[in-house]
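Atoms considered below: every heavy atom in the structure, side chains included; atoms not considered: hydrogens, waters and symmetry mates. Naming: A, B, ... by sequence-line order, numbering from 1 per chain.
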Amino acid sequence: MTAKELPAIYEPKKVEDKIYKIWEESGFFNPDNLNLPSDAKSYTIVLPPPNITAKLHLGHSAMLAIGDLMIRFRRMRGYRALWIPGTDHAAIATQNVVEKKIFNESGLTRHALGKEEFLKKVWEFLKETQTTILHQTRKMGSSLDWSREAFTLDDQRKKAVTQMFVDMYEAGVIYQGERIVNWCPRCQSTLADDEVEHQHQETKLYTFRYWKDFPIAISTTRPETKLGDTAVAVNPKDERYKKFIGQEFEGNFCGINLKIKIIADREVEMDFGTGALGVTPAHSMIDWKMAENNNLNIIKVIDESGKIHPGFGKYSTLSVFEARALIITDLKEENLIEKEENIVNNLSICYRCDTAIEPLPSKQWFVAVDKPVEKLSNKSLKEKAIEVATNQEIKFVPDRFTKIYLNWMENLHDWCISRQIWFGHSIPAYYCKCGEAIVSKERPKKCPTCDSTDLTQDEDSLDTWFSSGMWTFSTLGWPENFKDNHKSGDLKRFHPTQMLETGHEILTLWVSRMIMMSLFAIGEIPFENVYLHGMIVDKDGKKMSKSKGNGIDPLDMIEKFGTDAVRLSLLMGSTPGNDMRLSEEKIENYRNFVNKLWNISRFVISKTAEADINNNIEEKNLTFADKWIISKMENLIIGVTADLEKYSFSLAGEKLQEFTKNDFADWYLEVAKFEGNLAEKNIILGKILKDLLKLWHPFIPFVTEEIWTKLNADKLLLIENWPTAEDWNKIIAKDNNTDSDVFEKTQLIITAIRNLRAENKIEPTKKLKTIIYAGDDFEQIKDAEILIKNLRTSVGELIIEKSGEKPAEALYTIVGGIEIYLINEIDKIAEQKRIMGELENLKKYTSGLEQRLSNKEFIKKAPAQIVAQENEKLLQAKTNISEMEKYLEKLI
RNA sequence: GGACGAUUAGCUCAGUUGGUUAGAGCACUUCUCUUACAAAGAAGGGGUCACUGGUUCGAGUCCAGUAUCGUCCACCA
């Protein structure tokens, strides 16, 4: 094939869908088809299931790019690589989206529509978005095992959730209890703490007394709740009120009898209002806690629809706003209000409908996190979940999230898992009119107490995190694959999984719950590593959102620049846990790079047409340039592999880019042009390209696979073996005469030429390239090498050989020498200037060294090894100087 | 209020256990349409590593404090 036969511009659109189809049909996304030895290690990742509420955004794309990189890397390294796809039903979020949609289209509420009809609509919506999401996921090139696809609300997961609920109930972990919850009066549902948002609002702060002779004035923004006050809390340090602590008062507040106890609580701020807080246990989170601590009565004032309960005289049945206005009027009449001021406070609102949250006590299902569990050796879920992170059974990348996780876990409270919504997992609890409640996998035939068959199932649904918390094992066949404490099937082969790749914003919401649930269900951790990617923000560092209109649609970008470019721009320059800025320009830039790789390949393919690149390379035929690129390749493989192992994806990518552009394209390809059609060179070109494509594959799978097909490969790049440095090392290791730095030398010559070109007034490019690489003049490289050797002898042993660590430093000093030689050939005067500058530098360096070595402290305290090194450096530098001076003399 | 980060070139960021003169990409300047690539190539300019102290022979790197910005959590009576 010649380069002419391939277009100079790579067109992703023509390639990507075709390639993805080939991959998918090959079956290799499923590790069962990989033909691996039975002892092959597994590497499993479960994909965080995206909510089916909307199409994917760039955050998802980043997640897919990183996940796919990890899984492709492991697959090529011979692991049983499994990546499980799925979607999340996102109970409350989905219900709200659909509810809004229906209301906008027909003006109907879900109640008007009825549960059955409404759920039908939800499923219709769900199918639609699910299809979109799965399409987008494929477009990203994700090598997911679609045969194991799951949905958090499909039949298999329903079974698992029911089983889990029953198991937890029987172990006493799940209980029903009354607690203060965030209630949305519009959604008619509780909200988890993290579903509550806050909004600043201007409001009035009233300072008043309950009645005339009540000793303390209190401040409130919600006078209507004061009908249910049972205490006044003050700061224990507050001198003004100390004397009242423990006292009880009884009196009449707006026609209602109240018993008020004065309690002390550190949470009370002395500076706010009067420094005294009216405690309404039923309608404030903090008050509830105080009530628990002080054994206070709980009086419910507000009902589920936001109206005042019966029993509060004329206020009953009024809405909170009406009641508030009326109470203010009444208080004013009685002259109890002492102050009225405008303040800005933080209002809790529903994250879906922005309605103000009404905290109120309600009967809910909870997961107890502090209760000792028998099968966890009488440790609580919380204790176990903390333990596995503390002892590093689960490792977080980056490590700082271990602290965040632990901090959060330690403050964890019981988890409310019931939601008053229609869409979601049903709760396997059944109630009888006689008051009996039964928790059971199947609907019980009759009530065990009264034999009644009239049982009704709990109407609530489960928090979506309850089902997604089981994701690592519910996707691997739990509970069927877990009998008598023994794992079987997929669960045995793939659990615990190796990696969870997710956004750090759901570390607490999801990750912690997965850990607790896995520990409970199968007694093991769900994953060994958690890689937390950052948030994708726009180029100004702002969060991307629909309302701001600064979002970038991944599909648009793929359409415009190709998937590989999008993937690269998401992988490069991103470090775990840190937010990443992304702009269209960045994607465009990587599109250019992908095209560059394409063109490099075109060139190589045209050169290798006649050569059989499967032939072995004969070492004796190698030139310096060959050895240099081979050694570079060897280092590249080592470096990239190590970086990928430790999740430094961006660093690995940079190394690859550096090699591809600077070493391979800019220099070796140029050399190849001048060295003509040497068969050996073409074989090397081909072999390098092949390994380079393998190394790039996890980053940019499409273009590499496409080029791969042009190389007459017998199998897909997808399942090729990861390159090894040894293969390259073998080629050159046999050469006894090969100095450890022979390749670096070639590079140095190249550097010298570059410097020369920069300084010389002659038109250098072609001429110099010719001098170095072409025909007879190529001998000059060898001459240069002899010169280097001479220099080395005269300078003595170089640091590289002694320290073996920092060759570049030592070599830096001999660059001057090489340059002398080459430049001498062309322009002695220019050289003179150069060498003088060089000398100056060296002298500066030398004096620095001398200064350091004359420092007594240094001699005394620095390790002997360092001192010796420094001495040696000085010696070298001095020798170099004298060498250079000699050269300078010769020049003149 | 609690926890955790960040601050390095005009911009976006690397900098791998402390080690000689701190790097890349973009942008900028100059040159080149040289046959894989103008979606390109070559060369160049640009930095008091936020600030102040400390540890050390040696600090962008470790410690403490300050400032600014950010994220998460709690919470606003």
Could you tell me which nucleotide pairs with [N] by Watson-Crick or G-U wobble geometry, both distances under 3.5 Å, or answer none if nothing does?
{"N": "B/rA64", "answer": "B/rU52"}
{"N": "B/rA59", "answer": "none"}
{"N": "B/rA3", "answer": "B/rU71"}
{"N": "B/rC11", "answer": "B/rG25"}
{"N": "B/rG45", "answer": "none"}

Using the [atom1] atom in both, what is the distance from [N] to [M], to the nearest Å?
{"N": "B/rU61", "M": "B/rU55", "atom1": "C1'", "value": "14 Å"}
{"N": "B/rU17", "M": "B/rA74", "atom1": "C1'", "value": "37 Å"}
{"N": "B/rC26", "M": "B/rC63", "atom1": "P", "value": "35 Å"}

Quiz item: cation-pi between A/Arg513 and A/Trp415, 6.0 Å / 45°: yes
Phosphate OP1/OP2 of B/rA74: any A/Asn411 side-chain N/O under 4.0 Å: no
Phosphate-side-chain proximity, A/Thr221 and B/rA77, N/O vs OP1/OP2 below 4.0 Å: yes
Touch class at under 4.0 angstrom, heavy-atom based, for A/Leu277 against every strand present: base
Touch class at under 4.0 angstrom, heavy-atom based, for A/Val279 against every strand present: nothing
Could you check whether [X] pairs with [Y] (Lys NZ or Arg NE/NH1/NH2 to Asp/Glu carboxylate O, under 4.0 Å)?
{"X": "A/Lys586", "Y": "A/Glu584", "value": "no"}
{"X": "A/Glu706", "Y": "A/Lys14", "value": "no"}
{"X": "A/Lys13", "Y": "A/Glu559", "value": "yes"}

Distance in angstrom units between A/His504 NE2 and B/rU71 P, rounded: 10 Å
Euclidean distance, atom CG of residue A/Leu685 to atom P of B/rA36 [Å, nearest integer]: 12 Å
Compare the minimum distances between each of [options] and the side chain of [X], then state the nucleotide with the smallest one.
{"X": "A/Asn592", "options": "B/rA39, B/rA36, B/rG41", "answer": "B/rA39"}
{"X": "A/Glu654", "options": "B/rC75, B/rA77, B/rA14", "answer": "B/rA14"}
{"X": "A/Lys646", "options": "B/rC26, B/rC37, B/rU16", "answer": "B/rU16"}
{"X": "A/Val268", "options": "B/rA3, B/rG41, B/rA77", "answer": "B/rA77"}
{"X": "A/Lys403", "options": "B/rA36, B/rC26, B/rG5", "answer": "B/rG5"}
{"X": "A/Ile9", "options": "B/rA14, B/rA36, B/rA39", "answer": "B/rA39"}

RNA chain B: 5'-proximal contact among A/Lys289 and A/Arg400 (nearest heavy atom): A/Arg400
Nearest-nucleotide comparison on RNA chain B, the residue closer to the 5′ end among A/Asn595 and A/Ile286: A/Asn595
Donor/acceptor link under 3.5 angstrom from A/Lys596 side chain onto base of B/rC37: yes
